[in-house]
Each structure stands twice: as structure tokens, then as C-alpha cells.
J.: 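Here's a structure for you.
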Amino acid sequence: MLSLAFIRKNPDVVRRAAELKAEPAPVDEILRLDTTWREHLTAAEKIKEEQNKLSKEFARTRDEVLKERLRQMADTGKRELAVAESVKRELDDLLLRVPNIFHDSVPIGKTEAENVVVREWGSKPDLGFAPRTHYDLGEALGIMDFEHAARVAGSRFAFLLGDGARLERAMVQFMLDVHTREHGYKEVWPPMLVNSASMVGTANLPKFADAAFKVEGRDLWLIPTAEVPLTNFHRDEILEPDRLPLKYVAYAPSWRTEAGAAGKDTRGLIRLHQFSKVELVKVTSAETSLDEFEQLTRDAEDILQRLGLHYRVLAMCTGDMGFAQYKKYDLEAWAPGLDRHLEVSSCSTFNDFQAMRANIRYRPERGAPPRFAHTINGSGLALTRTIDAIMETYQRTDGMISVPEVLKPYMGGVELIGAR
RNA sequence: GGAGAGGUGGCCGAGUGGUUGAAGGCGGCGGUCUCGAAAACCGUUAUGGGUCACUGGCCCAUCGAGAGUUCGAAUCUCUCCCUCUCCGCCA
């Protein structure tokens, strides 16, 4: 979130950012409540101060008249404080609904059409025949099954079978190995259900409650991304200076309701209620976060390059980048069968927006006063869609799929999916 | 799920109603000593918020969370969360 002090001082900056992000921001109401809150708080604290003084006096004198006066003061003080607190609760709730500001380098724009391609890698492969879609291939090979998934769970679920399941497992291993051994991330196996406080910390609550699955009758949510447990790992902590930057990588399934996406991407392994993802998260100092963000994006790109997939990097424009992000890149891999790009990674830096919600701080130097950390995350990569791109890119005329070189060591000798 | 014990500052740990925001120790920082360092000694060392004559002062809050009793709560009561031990159950 943005601090009350920041909004107080820069209401116009906040208004403009919200407008360009096409997000509502109750700035005026916040400023109004802020004034009311401080009026009542000051009044309550003044009474409390007097009360504290007289209370000490009473401890000595045991004067009954004084006691009666104190009793009344306690009464009015409590009433005043109750008002202040109720206004503050309202204020805090509104603060959680103010979108983040964005970095100067973010392109201004309304829709995805105004996102900017910052770089491309490779080129669209020429397969020499009409490429088939991954679901077409997958069902024919018997490695993907949507019909049984619908029976077992419903729409937007999938079974992976045989070498399809094996491919998924291989990808997880491959990605984790690269990120831990070569990019310096620490591997984490996180909880996959989290409490509401964690969801607030990463800004999944309160605004996006309907995007996540909630466990009935309990304060638990299925993680929409491993970002939530990873970022919240350090919630309410003050980190000593030598610990930053923290770099975590986790494989975890991600669960999303996909409310509002009715009818969109209904076929294939594109938009599911459950998908696998290897997630990268960094907690950094304020000074290094932009550099660390660029590097994290490169770390994710490295996976695509090793897999030999053509992709492009998009700088998201203000209107398309989201509520909490300070700057965001999407990595889109080319899927020849679908004849479109698939978003396989989304890399974001949040400035101190999440850290403020999650209360993650650090000391810039030993003994220095703490300040809010910066948080960064990105998929490295989303498994399901990457598998789509692999299948469609590495398909052969006979409908079989060559295993990319880097995955072969993880496929237990399988080099060609579909061969008997 | 049942029974019991416990959750105090960066860490350990004392503290059962009134200068306790909190003893003591460790750690950190500054200093004395030293050619320098160690040791020793001295000093210092929380966070959030409000406010003002604002690179400082004053005030309020905070001892797992919330509510209550009281003039006054780290200390008493209730609810919840978490940790540990034993039992039960279980992959």
C-alpha cells in the first residue's frame, strides 16, 4: 500500500497514477477521514495524558474525589478513542484499496495494445507443415485428457498422462536446477494454503478475493501463486543489512477461480483452475530493486532460451499492468499451433507496496532505523503454457514430439514423445 | 481431537495490579585503555503513531491477537491463534 503520509503529501500523484491504471482510488475520502481520525486521536491522547498523570497522584493520595474524576475521564477517553479507532479502521480499509504508483519508465496506455515490445528472442519457427495445437496433439498422443478431468473436477482442469506427466515433472526439475545452481536462488517448498493476512500482504486481498479459492469455514486460501507464501515468509520482520537481497525459488501449483474469464481460453492447457508454476521472488533494498528486477526477468528468460522457444518481452503499459505493480514485464512464448503468443511469465516489481502491507523491513546499515524493503517476483516459468509452446514448437509431421535437448536428462531416456 | 506447560525488546531471560517500555545477560554502537587488536571498564542501544516554535522536543500506544475488570494491567478474567510435552488418530 501507499503510506498515509505519502498520500497526504502527494494526492495528485496518487490520483494520476490511479487514473492511468484505470483503478479507482478514494483519495478524497482518505484525506477527509485522515483529518477526522487525527482530531479524535489527539483529543483521546490528551485525555489519556492527563489521566496517566492523575492516576499516579491517586496512587499516593487515594483521594476519593480524584477517583471519581478519573472514572469520568476514563469514560470520555474511551469514547473518544473508540471514535478514532473506528475512523482509522475505515481509513485503513480504504488504504488497502489504493493502487500503487508506477515507475517513470512504464509506458502510458489504456489496453494491452499499448504494451511495448522491449525485445524478442529467436524467431517464429518454420515447421514446414501446418502445425497442430497442443491439445490436438496431446489428446491424440494420450498424454492430455480434458474429458476425464471434467468428470473428476469440472471444466478448466486437465489430466496429464504418461510422458505428458513426465514432461511436467522434468520441467520442474530442470527449472529448479537452473535457478538454484546457476542463478543463486534458494529452493523453497512452501505451504499451498495461506491465511488472509498473507493474502493482504501481497495485495491479493481485499480487492481480488473472488479470484482465489477459499477454504470453507476456515481462514485459509489456496495460493493463486507461490509469490504469496514466499513474499510473506518475512512478514513482520526487520532484516539485518547483510541478508539482502533474498532470492527464493519455489515450485507450486497455483489455483485461480478465473472469475470473469468465462468463455476465454476454454480449450487446452491455457487457462486452468490449477496450473504448475516455478516462481521467483526477491526481497531487496530500495536502492537495488530495479536492477534486481531486470536480472530476475533475465533469469526467467534464460529458461525460455535454453528450451529454444521463441519469445518476446513486453513492458506492460499503465492500463494493463495491474493494481499493485510498480513495473511489469510479460514474457510471451510463441505457440505455432495456436498461432499466438502465450504469456508464460509475468515479472513485477512492487517498490515498497507489498512490503508495507506485509510489514517487511530492513536496516540499510547496522543500527540504522528500519525502512521498508522492496519485493519482486516473476514466474520462471508457468509450466502448463510452456509445455504448450514446447509441444507445438517441437512437434513433427507424424504428430510425435521431440524432447528439447535440455530436458532429455530429466526424461528418463525418452527423447521422442509418442514413440512406442 | 483430549490433557498439561508456555508465548516478554535483535536474541536469551526476570518480572502476579501503581515512576516496568519493562531487571540481568548476550549481541550491536560509541568511548577509555593500547602502536594496533583482544580482554577489561564506562556509556549507549525497541517499534509504531500523533503533535509542535520540527534535523530536536513533548505526548500516546505496544510484553502472541482481540475483548473485559480496574482510577490504573506484562501482571486478574474471557475468547482466539501459535509453540512444546504426553495421549488418541493418521499419509
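In what follows, every chain begins at residue 1, and chains take the letters A, B, ... in the order their sequences are listed.
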J.: Taking the ring centre of each residue, are A/Phe353 and A/Phe323 less than 6.0 Å apart?
T.: yes

J.: Which nucleotide sits closest to the side chain of A/Ser55: B/U47, B/U69, B/G18?
T.: B/G18

J.: Quantified in whole Å, what is the P atom distance between nucleotide B/G27 and nucleotide B/G17?
T.: 34 Å

J.: Rounding to the closest angstrom, what is the interatomic distance between B/C11 and B/G48 at atom P?
T.: 15 Å

J.: Is the shortest side-chain N/O distance from A/Asn52 to OP1 or OP2 of B/C60 below 4.0 Å?
T.: yes

J.: Given the P atoms of B/G24 and B/U77, what is the spacing between them in whole Å?
T.: 29 Å

J.: Please measure how far the P atom in B/U8 lies from the corresponding atom in B/A14, and state the result in whole Å.
T.: 11 Å

J.: Expressed as a whole number of angstroms, how long is the span from A/Ile238:CD1 to B/U62:C1'?
T.: 13 Å

J.: Would a line drawn from the ring center of A/Phe293 to the ring center of A/Tyr329 be shorter than 6.0 Å?
T.: yes

J.: Nearest whole angstrom, please: distance from the P of B/G50 to the CG of A/Asp92.
T.: 11 Å

J.: Please evaluate the base of B/G28 for a donor-acceptor partner in the side chain of A/Arg363 within a cut-off of under 3.5 Å?
T.: no

J.: Without decimals, in angstroms, what is the distance between A/Arg60 CZ and B/G72 P?
T.: 18 Å

J.: So A/Lys78, base contact, sugar-phosphate only, or nothing? Heavy-atom distance under 4.0 Å.
T.: base

J.: Can you check the distance between B/U75 and B/U70, where both ends of the measurement are the P atom (answer in whole Å)?
T.: 16 Å

J.: In whole angstrom, give me the gap between the P atoms of B/U19 and B/C33.
T.: 40 Å

J.: Could you give the distance separating B/A5 and B/C90 at their P atoms, to the nearest angstrom?
T.: 28 Å

J.: How far apart are the C-alpha atoms of A/Glu19 and A/Arg16, what are their side-chain angles, what is the distance that settles it, and do they pass the salt bridge (charged side-chain N to carboxylate O under 4.0 Å, His left out) test?
T.: CA-CA 5 Å; A/Glu19 198 175 313; A/Arg16 173 174 176 271; over 6 Å; no

J.: Kindly give the heavy-atom pair with the smallest separation between A/Leu160 and A/Glu168, and that separation in Å.
T.: CD1-OE1, 3.4 Å

J.: Distance check needed: B/G28 C1' versus A/Glu365 CD, whole Å only.
T.: 13 Å

J.: So which heavy atom on A/Ala358 is nearest to which on A/Asn232, and how close?
T.: CB-OD1, 4.0 Å

J.: For a quick test of reading the model, state the closest non-hydrogen atom pair linking A/Leu230 to A/Glu279 and the distance between them.
T.: CD1-O, 4.0 Å

J.: For the atom pair OG1 (A/Thr35) and CH2 (A/Trp37), what is the distance rounded to the nearest 0.5 Å?
T.: 11.0 Å

J.: Please tell me which of the listed nucleotides, B/C71, B/U69, B/G48, lies nearest to the side chain of A/Arg62?
T.: B/C71

J.: Reading RNA chain B from 5' onward, which residue's closest nucleotide shows up sooner: A/Arg8 or A/Leu66?
T.: A/Arg8

J.: Using the closest heavy atom to pick a nucleotide of RNA chain B for each, name whichever of A/Lys53 or A/Leu70 lands nearer the 5' end.
T.: A/Lys53

J.: In whole Å, I'd like the distance from the CZ atom of A/Phe58 to the P atom of B/G17.
T.: 17 Å

J.: At a heavy-atom distance below 4.0 Å, what parts of residues 37-49 of chain A sit against RNA chain B?
T.: A/Trp37, A/Arg38, A/Leu41, A/Thr42, A/Glu45, A/Lys48, A/Glu49

J.: Given atom CZ of A/Arg89 and atom C1' of B/A65, what is their separation to the nearest angstrom?
T.: 14 Å

J.: Tell me whether the OP1 or OP2 atom of B/C81 has a side-chain N or O from A/Arg218 closer than 4.0 Å.
T.: no

J.: How far, in whole Å, is B/G4 from B/A91 if one measures between their P atoms?
T.: 28 Å

J.: Stems in RNA chain B: runs of 3 or more consecutive Watson-Crick or G-U pairs, distances under 3.5 Å?
T.: B:1-7 with B:81-87, B:10-12 with B:24-26, B:27-32 with B:40-45, B:46-52 with B:56-62, B:64-68 with B:76-80

J.: Is the ring centre of A/Phe157 less than 6.0 Å from the ring centre of A/His148?
T.: no

J.: Just how far, in rounded Å, is P of B/A65 from CG of A/Asp219?
T.: 17 Å

J.: Against the six-membered ring of A/Tyr185, is A/Lys247 placed for a cation-pi contact (under 6.0 Å from the centre, within 45° of the normal)?
T.: yes

J.: Identify the residue among A/Arg235, A/His374, A/Glu227 that makes a side chain to side chain donor-acceptor pair (under 3.5 Å) with A/Gln354.
T.: A/Glu227

J.: Which pairs would a plain distance check flag for residues 84-95 of chain A, meaning a side-chain donor or acceptor within less than 3.5 Å of a matching protein atom at least two apart in sequence or in another chain?
T.:
from	atom 1	to	atom 2	distance (Å)
A/Lys88	NZ	A/Asp92	OD1	3.0
A/Lys88	NZ	A/Asp92	OD2	3.3
A/Asp93	OD2	A/Arg97	NE	3.3

J.: May I have the distance from A/Asp75 (atom CG) to B/G68 (atom C1'), rounded to whole angstrom?
T.: 14 Å

